[in-house]
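Here it is: the structure, laid out below.
All values derive from a computational prediction rather than experimental measurement. Side-chain atoms are counted along with the backbone in the values below, which use heavy atoms only and exclude waters and symmetry mates. Index from 1, following the sequence.
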Amino acid sequence: MSKDKKKNSRTYIGGQAVLEGVMMRGKKAYATAVRDPEGNIQVESRRLNPSKGMRIASKIPLVRGVVSFVSSLVTGSKILMRSAEVYGDEGEPSRFEKWCEKKLHINVMSAVSFLATLLGILLAVGLFVVLPIILADLLVGTGTWLTKYSIGYNLIQGCIRLIIFLLYILAITAMRDIRRVFMYHGAEHKTITCFEKGMELTPENAKGCSRIHDRCGTTFLFLVMAVSIIVFSVVNWVCDEYLNLFQFNDVANFFIQFAVKILFLPVVAGISYEVLKLLAKSQSKILLPLKAPGFALQKLTTREPDDEMLEVAIAAFKEVYAMDTDESIPERDFVVSKTVKKYTEELKKLFAEQDIDESDAEWLVSVKTNIPRSELPECEKLLVPSRVRELDAVAGERMKGKPLWYILGDTEFYGYKIKVDGRVLIPRPETELLAEQALKTAEQGNKVLDLCTGSGCIAVALAKEGRDKELSVTAADISADALDVARENAKFNGADIKFVQSDLLKGVKGKFDVIVCNPPYIRTADLSGLQREVRDYEPVSALDGGEDGLDFYRRLALEAPKHLVRGGTLLMECGQGQAQEIVKLFKKFDYTMISRDYNDIERFVRAVL
């Protein structure tokens, strides 16, 4: 869109006003820009992929008009519905709507939209086909001046149809929403005209352009009305004079007239399209009288837009222009408002397709919306586009493999919020049982050590829950990064903890009554077979337990006695199938015991010195 574009260059791009937006259609794509309830411009684009038959038909005179009309009608209806979704009502569904959906499995809004479309078609047929026939028949009954089925009779029908059309346009302009649509219609015309004049596409430049355009759909509709007067007059006259179709009673003749008009509507549309194209190709003043009625009607169906409307129209034009120029540009989707219930259902389905636990979808929505997970299935609270976009971004990270709790930034452990990121492991639910055992074991005034503390989750639980026992808690880890996270968690939760950087027990001084340890215990050979979110994102140093996964337990068996008081307890978490082997390593301890986790797996080993 350079400023030095050739002046008065014509473009094939046309448009349509929609609810709070504009659709622009090119040769290879169309794009719709809508301003959503939050005031942001959203753009949705689609590539046009017509069938071979449609491509051939679109080149045949008369036929191409019908093809274009039907295609525009179908596409336009879809786009109107999509724009309504973006700028939809933010209110929650009524009790009746909820009842229909739950008991009858009927989406009330979809049903209403279908009925509205059906009623719209019936209304159009009634106003522009049935009513003119009835009124013309009434005029025939007023005297002998008008003969039924004559040229005059058919011309009067056409004039009545045109008058009804004009009155209809005038009537709908009284509606506020329609007036805004007409303003966007004006923005569409001004944008196209601005481009054709070779001006840079800005609201300021477009504002000074005309809102009247040769290729307007309003002009096409007027031509349809005008051409229908001639075509239907000739066809009805031929049917009466030469084919003798109107020789039955009034009711039968009425339906014959009705059927003939419906049958010849494609012919009317085809001729009108060719006339519109012919008139649009020339700027000659000789053709002005033929264009004038359409231009006058556009004065009613377009209004002066504001700058924000022009921004929307320009966004749609630029998108479709770029897509027509560069076929590598991908399609785009609107981000529409959705209820929490609907969003959760869609995300669960998407996660299931990606082999991601569906509960992650529920946790993601629950944490980000502050809505309890149990309430999600029935929650009709509306998520506006910006919230949907935020959730989509988080869901996108999860589908790439990043663990949910790294994405959210924190998790819950023993009732406390624990910050987690790639520097530490994500606390598992079964580890809460290890913390619980330590709390039950520790006595008044005991000194407790949390080895391989990682995020500090166990140490925080011990310090907070052990306040009544006045426990002295120390946390140790070889990783300085992990200790930084643990310190943050201690500070956030108000936990009094002493931190030590140490390779297991090498840097730890003094003796303790209870030592708790959740060391790395995954076999080195098994690391590559772990889930993607664990293998690719969690720290390997906190996972790798050596060839058989028991390296750290061997060290604990040798080092722990030096740091436990007599009668002190060492509590350890381990991997599935390791507990019996670990017990053998602690033969020098007076007492060992294995306990199980929530899934009845031997998960914990207690060793008493």
Side-chain angles (χ1 to χ4, degrees), residues 413 418 423-425 427 431 434-435 437-521 539 541-542 544-546 550-574 582 585-592 604-609:
F413 182 86
I418 301 296
R423 294 173 289 178
V424 296
L425 288 183
T431 305
L434 182 63
Q437 287 186 25
L439 285 167
K440 289 179 179 180
T441 302
E443 298 178 354
Q444 191 73 28
N446 274 183
K447 295 174 66 179
V448 183
L449 172 64
D450 175 26
L451 273 182
C452 304
T453 190
S455 63
C457 59
I458 295 176
V460 168
L462 292 173
K464 296 294 290 184
E465 298 296 315
R467 283 175 298 181
D468 292 343
K469 294 182 178 181
E470 297 181 336
L471 301 182
S472 174
V473 180
T474 300
D477 201 289
I478 191 174
S479 168
D481 288 339
L483 288 173
D484 286 342
V485 176
R487 287 190 184 96
E488 286 185 53
N489 285 320
K491 182 178 181 180
F492 177 81
N493 288 285
D496 184 12
I497 302 169
K498 178 184 177 182
F499 291 97
V500 178
Q501 186 172 1
S502 173
D503 179 3
L504 211 56
L505 285 159
K506 285 184 178 180
V508 176
K509 296 181 180 179
K511 292 193 175 186
F512 299 87
D513 300 285
V514 180
I515 296 177
V516 187
C517 187
N518 182 15
Y521 54 71
S541 60
D544 191 352
L550 303 179
D551 284 1
F552 287 87
Y553 300 97
R554 293 188 182 91
R555 290 183 59 186
L556 282 170
L558 294 173
E559 299 175 23
K562 301 174 185 177
H563 295 277
L564 275 173
V565 299
R566 191 64 187 171
T569 301
L570 172 63
L571 296 167
M572 298 164 285
E573 183 174 326
C574 61
I582 292 172
L585 297 174
F586 288 83
K587 290 179 179 180
K588 293 183 179 181
F589 280 66
D590 289 347
Y591 169 75
T592 57
F604 310 104
V605 176
R606 174 191 294 266
V608 179
L609 188 62

Is Asp477 reaching over with its side chain to a backbone N or O of Ser479, donor-acceptor style, under 3.5 angstrom?
yes
Tightest non-hydrogen contact, residues Cys574 and Tyr553, listed as CA-OH, 3.2 Å
Measure the shortest side-chain to side-chain distance between Phe589 and Pro561 over non-hydrogen atoms and say whether it is less than 4.5 angstrom.
yes
Kindly give the heavy-atom pair with the smallest separation between Ala438 and Val516, and that separation in Å.
CB-CG2, 3.5 Å
Taking the side chain as everything from C-beta on, heavy atoms only, tell me whether Ser455 gets closer than 4.5 Å to Leu425.
no
Report the C-alpha distance between Tyr591 and Thr569 in whole Å, list the side-chain angles of each, state the deciding distance to 0.1 Å, and finish with yes or no for side chain to side chain contact (heavy atoms under 4.5 Å, CB included).
CA-CA 9 Å; Tyr591 169 75; Thr569 301; over 6 Å; no
Donor-acceptor under 3.5 Å (Glu573 side chain, Phe604 main chain)
no
Any side-chain heavy atom of Thr474 sitting closer than 4.5 Å to one from Lys447?
no
Side chains of Asn493 and Ile418, heavy atoms from C-beta outward: is any pair under 4.5 Å?
yes
Closest non-hydrogen contact found for Leu471 with Ala442 is CD2-CB, 3.7 Å
I'd like to know if the side chain of Asp590 and the backbone of Val608 have a donor-acceptor N/O pair within less than 3.5 Å.
no
Heavy-atom side-chain proximity of Leu505 to Leu556 below 4.5 angstrom
yes
Check Cys452 against Pro519 and note the closest heavy-atom contact, atom names and distance.
SG-CA, 4.0 Å
Distance-minimising heavy-atom pair for Ile497 and Ala475:
CG2-CB, 3.9 Å
Going through the distances and angles, do Arg555 and Leu558 end up as a side chain to side chain contact (heavy atoms under 4.5 Å, CB included)?
CA-CA 5 Å; Arg555 290 183 59 186; Leu558 294 173; 5.9 Å; no
Sub-4.5 Å side-chain heavy-atom contact between Thr441 and Arg606
yes
Any chance you could measure Cys517, atom SG, to Phe552, atom CZ, to the nearest 0.5 Å?
8.5 Å
For the side chain to side chain contact (heavy atoms under 4.5 Å, CB included) test, which of Leu449, Val514, Thr592, Leu564 pairs with Leu570?
Leu564
Residue pair Ile458 / Thr453, side-chain heavy-atom distance below 4.5 Å
no
When rounded to the nearest 0.5 Å, the distance separating OH of Tyr521 from CD1 of Ile582 is 9.5 Å
How far does OG of Ser502 sit from CG of Leu451, to the nearest 0.5 angstrom?
7.0 Å
With sequence neighbours left out, which residue pairs that include part of residues 457-469 fulfil the salt bridge (charged side-chain N to carboxylate O under 4.0 Å, His left out) condition?
none
Stepwise side chain to side chain contact (heavy atoms under 4.5 Å, CB included) check, His563 with Val508:
CA-CA 8 Å; His563 295 277; Val508 176; 4.3 Å; yes
Can you name the closest pair of heavy atoms from Pro427 and Phe413 and give their distance?
CB-CD1, 3.7 Å
Just verifying a value: how many Å separate Leu439 CG and Asn446 CG, rounded to the nearest 0.5 Å?
11.5 Å
With side chains defined as the heavy atoms from C-beta onward, is the minimum distance between Asp496 and Ser472 less than 4.5 Å?
no
